[in-house]
Amino acid sequence: MNRLDAYSAGSRKNRRIAAAIRFSIIAVLAICVIAVVVRIRSMGFQLAEEGVEEEIQYLDSMVDLTPVLGSRWTTVLNGLKEKDMPESWDPPETSRLIPDIDGTNEPEPVVTEPVTEDLKTSWKGNIVTYDSAGDVYLYGEPMGVHNGIVADALTGKTGGILSAREEVPNSYFADALFIGNSLAVGLEKSGELQAGFSANIGLNVRTFFTQKFISNRDGTELLTAVEAYARAGGPDRVYLVFGINELGWNSARAFTAQYQDVINAILAVNPNAIIYLQGILPVNEEMCRAGGQYDTSYVNNKRITEFNAAIVSLAEQKGVFYLNPGELLADTSGQLPAENTFDGIHLKGTALTVWVNYLKSHAVVPG
Amino acid sequence: MKKISALIPFLLLILVLSLVSCGSPSGATQPGASQTGPSSDSEPVVLDIAAVAARLASECSFSEELTENSAYLSAKFRSLAEQTESCVAYVPTGITPEEVFVFEMKSEEDTAQVKSVLESYVSRQKSDYADYAPLQVPKLENPVILTSGKVVVFVVSVDNEAAESVAKSVLGIG
């Protein structure tokens, strides 16, 4: 081999080596880029998941009346997590909605749909947004109702007096919550209804916000009725039993003004709750007077009628429902029969059964 | 290797038998019968708490008829759920604070916690009834809280002194 051939052979070898080195460098760089992209994407999902966990933790510790659904978001932007609870939220115009249908908090097939105001208010449950290049996650189930107004499928009514209809099964009350006074305590103790109860003697529409009587799960804390409602995740069916302890207030208007705050607080936690306002039950005035425990100057059926009329108006105004089991409990003179009560106010067994049967035949099934 | 393979079924049988024997309750059970006195055996006698609660509800004095509703008790004292084997309650539907609760705990050590929870409960009841129905408060002054082994009994009645005697008789304690 001459020197020229040797030089050519050496150059070709060097070029091959150089090419191999260049190829290797390019390959390593490509792998690095792919790894970084994959990592960023996984971080995004991870942050979205962490956002869900944080949101869940926040809801678990929430005790105030801050609206939960529709206006609280954990927003992930460009990998930075930002807790924000704006009054309104303007999503990108072309957001992609990825519903968590199966509740696994895992990303699911992308659905191309703009996030509208309607969609925001109709989603229930923990809400997390992950916003990176226009991706938006909303977790929860669509409720199909809007603005907190629930229409009765039978009559189309969105509040006020409910007429009798086919009885619902006992299971209807499995996710219902009764909040109220000693009458509700009596219902709870009777075992006639398997439902949740946040009831206490003496509870009224004011102490709904202040009286701590409900133990949390581990017994370390006592909660008010409103706190317990929020901690329970805002059950969908709420029966409010108030009024007998407020008959001594200045007026029915003073009572319903405070009662309105109770309704607002419940709707703030769950805008789609079906709320029933129960009319004040009739009393036996003679027994109340004889027992010496109740002042019949205001604990009487005439005042109860006046207060119940105010409750009906409130129900119609707020788009919630009014129940009047008293119409089945009162005798022809409007009194609670003596055989149905211990003391003129609190019910005995058979009367409680009548009450429960009334509830079963006056239940809203949303339309 | 064949010998080892032949031994495997026997080893599995021994394992299964040992697991089954661990699940067997120890001590004698006397369903439907209340204890009338301390047992002379070293083995503790297991009380039938349903029978205990029923006797208390029928033999103590109450101003209203009490209804059996153990689900109410479970819901009321969720913080005790993990330590509680079972519980029975007799409660009124009227305004009186009179009640009968009987808890069977998973261990004797858990009874102290139950007593503490019940004392807090009584304190809250007194506060609530003081505002709402003060005539009922005297019934809460000396509620019956007694333990026997793993069983805790709680009674608020019209006559708590008499109720205590009944409870001691039912539990077989002096």
Side-chain angles (χ1 to χ4, degrees), chain A residues 174 177-178 181-204 207 210-223 228 231-232 244-245 248 287-288 291-294 340-353 355-356, chain B residues 57 62-84 87-101 110 112-137 139-140 156 158:
Chain A
L177 180 66
F178 285 75
N181 54 35
S182 56
L183 290 162
V185 173
L187 184 61
E188 178 184 14
K189 288 184 172 182
S190 73
E192 291 260 357
L193 215 51
Q194 295 308 310
F197 286 87
S198 289
N200 200 27
I201 59 165
L203 196 70
N204 61 44
T207 56
T210 59
Q211 187 181 102
K212 290 183 177 289
F213 66 95
I214 302 166
S215 177
N216 67 346
R217 279 197 187 278
D218 58 12
T220 56
E221 196 179 355
L222 284 178
L223 309 172
R231 290 278 185 99
I244 195 71
N245 294 323
M287 288 181 74
C288 289
Q293 196 170 343
Y294 306 113
N340 287 342
T341 174
F342 294 106
D343 55 3
I345 291 180
H346 298 94
L347 304 183
K348 284 185 177 176
T350 50
L352 288 161
T353 305
W355 183 3
V356 170
Chain B
F62 301 102
S63 62
E64 295 177 17
E65 185 183 344
L66 303 189
T67 308
E68 195 269 320
N69 186 353
S70 302
Y72 168 79
L73 190 58
S74 301
K76 193 77 178 172
F77 297 101
R78 286 182 304 171
S79 62
L80 297 173
E82 275 189 27
Q83 299 92 341
T84 303
C87 59
V88 180
Y90 282 82
V91 293
T93 59
I95 191 59
T96 175
E98 298 155 33
E99 294 171 314
V100 172
F101 300 160
D110 294 327
Q113 185 185 356
V114 178
K115 288 179 74 173
S116 173
V117 167
L118 287 171
E119 283 162 2
S120 298
Y121 170 71
V122 170
S123 177
R124 289 198 306 275
Q125 287 279 77
K126 280 187 191 176
S127 173
D128 289 344
Y129 275 91
D131 290 335
Y132 183 71
L135 294 177
Q136 303 289 335
V137 173
K139 297 174 184 174
L140 293 161
V156 173
V158 170

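In what follows, chains carry the letters A, B, and so on, assigned in the order in which the sequence lines appear, proteins first and then strands, with residues in each chain numbered from 1.
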Peer 1: Is it the backbone or the side chain of A:Asn245 that comes under 4.5 Å from a heavy atom of chain B, or both, or neither?
Peer 2: side chain

Peer 1: For A:Asp218, is it the side chain, the backbone, both, or neither that has a heavy atom closer than 4.5 Å to a heavy atom of chain B?
Peer 2: backbone

Peer 1: Is there any residue in residues 125-134 of chain B with a non-hydrogen atom under 4.5 Å from a non-hydrogen atom of chain A, and which ones are they?
Peer 2: B:Asp128, B:Tyr129, B:Tyr132, B:Ala133

Peer 1: Indicate yes or no: at least one non-hydrogen side-chain atom of A:Thr210 is less than 4.5 angstrom from one of A:Thr207.
Peer 2: yes

Peer 1: I'd like to check the side-chain contact (heavy atoms from CB on, under 4.5 Å) partners of B:Leu135; sequence neighbours left out, ordered by chain and number.
Peer 2: none

Peer 1: Is A:Leu187 close to A:Val356 at the side-chain level, that is, under 4.5 Å between some pair of heavy atoms?
Peer 2: yes

Peer 1: How long is the gap from NZ on A:Lys189 to OG1 on B:Thr67, to the nearest 0.5 Å?
Peer 2: 10.0 Å

Peer 1: Tell me, please, which residues at least two apart from A:Phe178 pass ring pair (Phe, Tyr, Trp, His ring centres under 6.0 Å).
Peer 2: A:Phe197, A:Tyr239

Peer 1: Between A:Asp343, A:Leu352, A:Leu183, A:Leu222, which shows the greatest number of heavy-atom pairs under 4.5 Å with chain B?
Peer 2: A:Leu222

Peer 1: With rounding to the nearest 0.5 Å, note down the distance linking CZ in A:Arg231 to CG in A:Asn216.
Peer 2: 6.0 Å

Peer 1: For A:Leu203, which atoms come within 4.5 Å of any heavy atom of chain B: side chain, backbone, both, or neither?
Peer 2: neither

Peer 1: Using a heavy-atom cutoff of under 4.5 Å, enumerate the residues of residues 91-99 of chain B that contact chain A, numbered in order, or state 'none'.
Peer 2: B:Val91, B:Pro92, B:Thr93, B:Gly94, B:Ile95, B:Thr96, B:Glu99

Peer 1: What part of A:Ile345 gets closer than 4.5 Å to chain B, counting heavy atoms only: side chain, backbone, both or neither?
Peer 2: neither

Peer 1: Give a yes or no on whether the ring-centroid distance for B:Phe62 and B:Tyr90 is below 6.0 angstrom.
Peer 2: no

Peer 1: So which residue, B:Glu68, B:Glu82, B:Arg78, B:Lys76, ends up with the most heavy-atom pairs under 4.5 Å with chain A?
Peer 2: B:Arg78

Peer 1: Is the closest side-chain heavy-atom distance between A:Asn204 and A:Asn181 below 4.5 Å?
Peer 2: no

Peer 1: Restricting to non-hydrogen atoms, name the atom on B:Ala89 and the atom on B:Ser70 that form the minimum distance, rounded to 0.1 Å.
Peer 2: N-OG, 3.5 Å

Peer 1: Within the side chain of B:Ser123, is there an N or O that forms a donor-acceptor pair under 3.5 Å with the backbone of B:Glu119?
Peer 2: no

Peer 1: Run the side-chain contact (heavy atoms from CB on, under 4.5 Å) check on A:Ser198 and A:Leu177 step by step: do they pass?
Peer 2: CA-CA 7 Å; A:Ser198 289; A:Leu177 180 66; 3.8 Å; yes

Peer 1: Given side chains that start at C-beta, do those of B:Phe77 and B:Leu118 come closer than 4.5 Å, heavy atoms only?
Peer 2: yes

Peer 1: Answer with side chain, backbone, both or neither: which region of A:Glu188 has an atom nearer than 4.5 Å to a non-hydrogen atom of chain B?
Peer 2: both

